[in-house]
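Accompanying notes for the structure given below.
Chain A is the first sequence line, chain B the second, and so forth, proteins listed ahead of strands; every chain is numbered from 1. Because the structure is predicted, anything quoted here is derived from the model rather than measured.
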Amino acid sequence: MKAVHIIEARGVPLDRSDVDTDQIIPSDWLKRVERTGFGRGLFSEWRDDPAFVLNQPEYQGAEILIGGARFGTGSSREHAVWALMDYGFTAVVASSFGDIFKNNSSKQGLVTVEVSPSALDELLALVRETPSTIITIDVAQGTIEVAEHDWRSDFSLSPMTRERLLNGWDDIGLSLRHDADIARYEAGVDIRRPSLAGLFDAEGRALQSSH
Amino acid sequence: MAGRTLFDKIWDDHVVISPEGEPTLLYVDLHLIHEVTSPQAFDGLRLHGRPVRRPDRTLATADHNVPTDPLSVPVLDPISRRQLDVLEENCREYGITLFPRGHENQGIVHVIGPELGVTQPGMVIVCGDSHTSTHGAFGSLAFGIGTSEVEHVLATQTIPQQRPRTMSVTVEGELPEGVEAKDVALAIIQTLGTGGGAGYVIEYRGPVIRALSMEGRMTICNMSIEAGARAGLVAVDDTTIEYLRGRPGVPSDEAFDVRADQWRTLTTDDDAMFDAEIVIDANTLSPYMTWGTNPAQVAPVNGVVPEPVDDADRRSLEYMALTPGTRLRDVPVDIVFIGSCTNSRIEDLRVAARVADGQRVADGVRALIVPGSHRVKAQAEREGLDKIFLAAGFEWREPGCSMCLGMNPDQLTPGQRSASTSNRNFEGRQGRGGRTHLVSPSVAAATAIRGRFATPSEISA
Ligand code: SF4
């Protein structure tokens, strides 16, 4: 996953509470064999409505989704995070988040910014008033601000999540920090417990057992 | 120093690093993959530009949604076909050996690992399928993982794990006539309950386990997950070694003997302690079947539908359309399925064929035999088992998971009742509205012939 320090982007005011993962990505999208391409399924129940905020020209290209309370509750599907990121979002602001969604987000590098309900309302008002408003999220400092209006709020991330985001570590990245240990272990294991190398030919037929 | 359990020995031997405050990173010797839980994992790798660390420790087969029709019939369901195609593309791109539909080594992932001899004692084996516990019969630590973890193993050949607790299940006594490994598994799950094994790795021990064939041990380890356990284990002995000798995945001659001597150390020390211990008396067991919608709802085939003790029981009875007090032997079936990674190996088919020999499947019953792999199928055909089954009116099909989970066209229709040698009797598992009763291969065969639940002793009498 990519490291995130500072996000400087426009926001889009979704302004709905209880947006669950079924709404973020409906279940018929789960049969796909890819992890990409879910952006097309994002909020697909709402996307046909021309009045839906993501369809408004002034919010095209916005990277920060501003939701309401309890964003991302419901099923554990990681697809919800894949969909938001594939669509182009790098952060979601809300007054609270579903637990698993928050956890899944941290593993994929989507920043969840949890602010107070009043701060959320102020931010929504700013973005509605001036869609071109630039919002700055600083992961290391735990701050979100709109410099031109002198607006600013704090948010907290668990130390582990912050480290992950700042360093671009996903679970795999975290394990790969131990790459040297894995390689050292591997050197011994290949003798004690040999791999499949040489067992099958290119067509998958078993070669003579001799290794 | 206190002795170590078999589990401790395997675990300790696989710790790559155990960082303070983080899960232990365990090395994975063998990663088995199939078409359903791997596509997004490969996509994740591609997205991050990561290679597969050890394609030579990864092995792929098509099993979950391959049709069991003759190979001349194409894969009709577009989603299944897509998943099979994508598995082929991924394996080609990353240099992973794949046994596609129709290949001589293709079969259910938990059948082919052991029969090819690539499942070996002392290994850590993972697969994106919960019944990976099957491989524990070889004294290897084997467990199921999710898709994100599949990606993790592909990229790092390791898996972060919290150390589980250990439980011993000792099966004392001797198996009565007609009682099979499957009955032992069902009795264990009934004793433990579906959550009784949660957080544990179970080691199966005692004279009954020692006397079982590898096929029987695999059946028991396979169903560990139905008691909630992470994995099941059986210590290595001569039965393990002789099963593996001569298989494609093991060395030949002296090299094999050297390896075998190392494997023989994979047992629990006499003075080792388990976190929990259970004893089962085999002398009290009989042929069993499940009557409800979870695998702990078990009764003797010669018994009756039990009185419900709670709401879950009542819901199960309602879904299964059964009345307490009904003799289970009076319950008619529509479908008999002999297959799945629990009971589709050569020994299972031999047992079923002995019962079916010279008999006829009852009118109105559809009976399917789905060998676990092409190798099992070929072996059975060499022994003439297919002829026995076909003469008795059973269908003899191509290998795959088939009706175990009904992802392919082999499914129950609403209200249909099956006797099934698989491992899960959950609502809708074999098709929406289907009613599944789990049984051993010999009970399944006898039931097909009687058209209602029956034990093999009824057939020979
Ligand atoms: S046979 Fe059933 S339990 Fe076994 S691997 Fe296939 S789907 Fe899973």
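- The closest donor-acceptor contact from the side chain of B:Thr61 to the backbone of B:Asp63 lies at 3.5 Å or more, if one exists at all.
- Per-residue heavy-atom pair counts under 4.5 Å with chain A were compared for B:Gln106, B:His103, B:Glu149, and the maximum is reached by B:His103.
- Side-chain contact between B:Thr158 and A:His178 is absent, with no heavy atoms from C-beta onward closer than 4.5 Å.
- Using a 30° and 60° split on the angle between ring planes, B:His110 and B:His135 fall in the perpendicular class, above 60°.
- Neither the backbone nor the side chain of A:Ala180 comes within less than 4.5 Å of any heavy atom of chain B.
- Ion pairing between B:Glu242 and B:Arg245 holds under the 4.0 Å rule for side-chain N and carboxylate O.
- Between B:Glu398 and B:Lys377 there is a salt bridge, with a side-chain nitrogen of the basic residue lying less than 4.0 Å from a carboxylate oxygen of the acidic one.
- Of residues 38-49 of chain A, those residues lying under 4.5 Å from chain B by any heavy-atom pair are A:Phe38.
- Of all non-hydrogen atoms in B:Arg81 and B:Leu76, the two that sit nearest each other are NH1-O, 3.8 Å.
- Here B:Glu151 is the residue among B:Gln262, B:Glu151, B:Glu35 with the most heavy-atom pairs under 4.5 Å with chain A.
- Aromatic ring pairs are classed by plane angle as parallel below 30°, tilted from 30° to 60° and perpendicular above 60°; the pair A:Tyr87 and A:Phe89 is parallel.
- Between A:Gln60 and A:Leu54 the shortest heavy-atom distance is NE2-O, 2.8 Å.
- In terms of heavy-atom pairs under 4.5 angstrom with chain B, the leader among A:Val189, A:Asp171, A:Leu174 is A:Val189.
- In this structure, no portion of B:Pro100 lies under 4.5 Å from any heavy atom of chain A.
- With a 4.5 angstrom heavy-atom cutoff, B:Arg375 touches chain A only via side-chain atoms.
- The two residues B:Gly136 and B:Ala142 come nearest to each other via the heavy atoms N-CB, 4.1 Å.
- Pairs passing the salt bridge (charged side-chain N to carboxylate O under 4.0 Å, His left out) check and including a residue from residues 182-199 of chain A, sequence neighbours excluded, read A:Asp181-A:Arg184, A:Glu186-B:Arg53, A:Glu186-B:Arg54, A:Asp190-B:Arg54, A:Asp190-B:Arg57, A:Arg192-B:Asp13, A:Arg193-B:Asp13, A:Arg193-B:Asp29.
- Neither the backbone nor the side chain of B:Val153 comes within contact range of chain A, judged by heavy atoms closer than 4.5 Å.
- Taking chain A as the reference chain and counting heavy-atom pairs below 4.5 Å, the highest number among B:Gln83, B:Arg82, B:Gln157 is found for B:Arg82.
- Relative ring orientation between A:Phe97 and A:Phe101 is described as parallel, the plane-to-plane angle staying below 30° on a 0-90° scale split at 30° and 60°.
- Figure legend: cation-pi geometry between B:Arg46 and B:Phe42 absent, as NZ or CZ is not positioned both under 6.0 Å from the six-membered ring centre and within 45° of its axis.
- Only the backbone of B:Thr58 comes within contact range of chain A, with at least one heavy atom under 4.5 Å from a heavy atom of that chain.
- Interface residue B:His48: only side-chain heavy atoms are found under 4.5 Å from chain A.
- The contact between A:Met1 and chain B is made by backbone and side chain atoms together, counting heavy-atom distances below 4.5 Å.
- Neither the backbone nor the side chain of B:Ile159 comes within less than 4.5 Å of any heavy atom in chain A.
- When the candidates A:Ala202, A:Gly173, A:Gly204 are compared by the number of heavy-atom contacts under 4.5 Å with chain B, A:Gly204 comes out ahead.
- Residue contact with chain B, scored on non-hydrogen atoms closer than 4.5 Å, involves the side chain of A:Glu78 exclusively.
- No donor-acceptor pair under 3.5 Å is formed between the side chain of A:Thr21 and the backbone N or O of A:Ile24.
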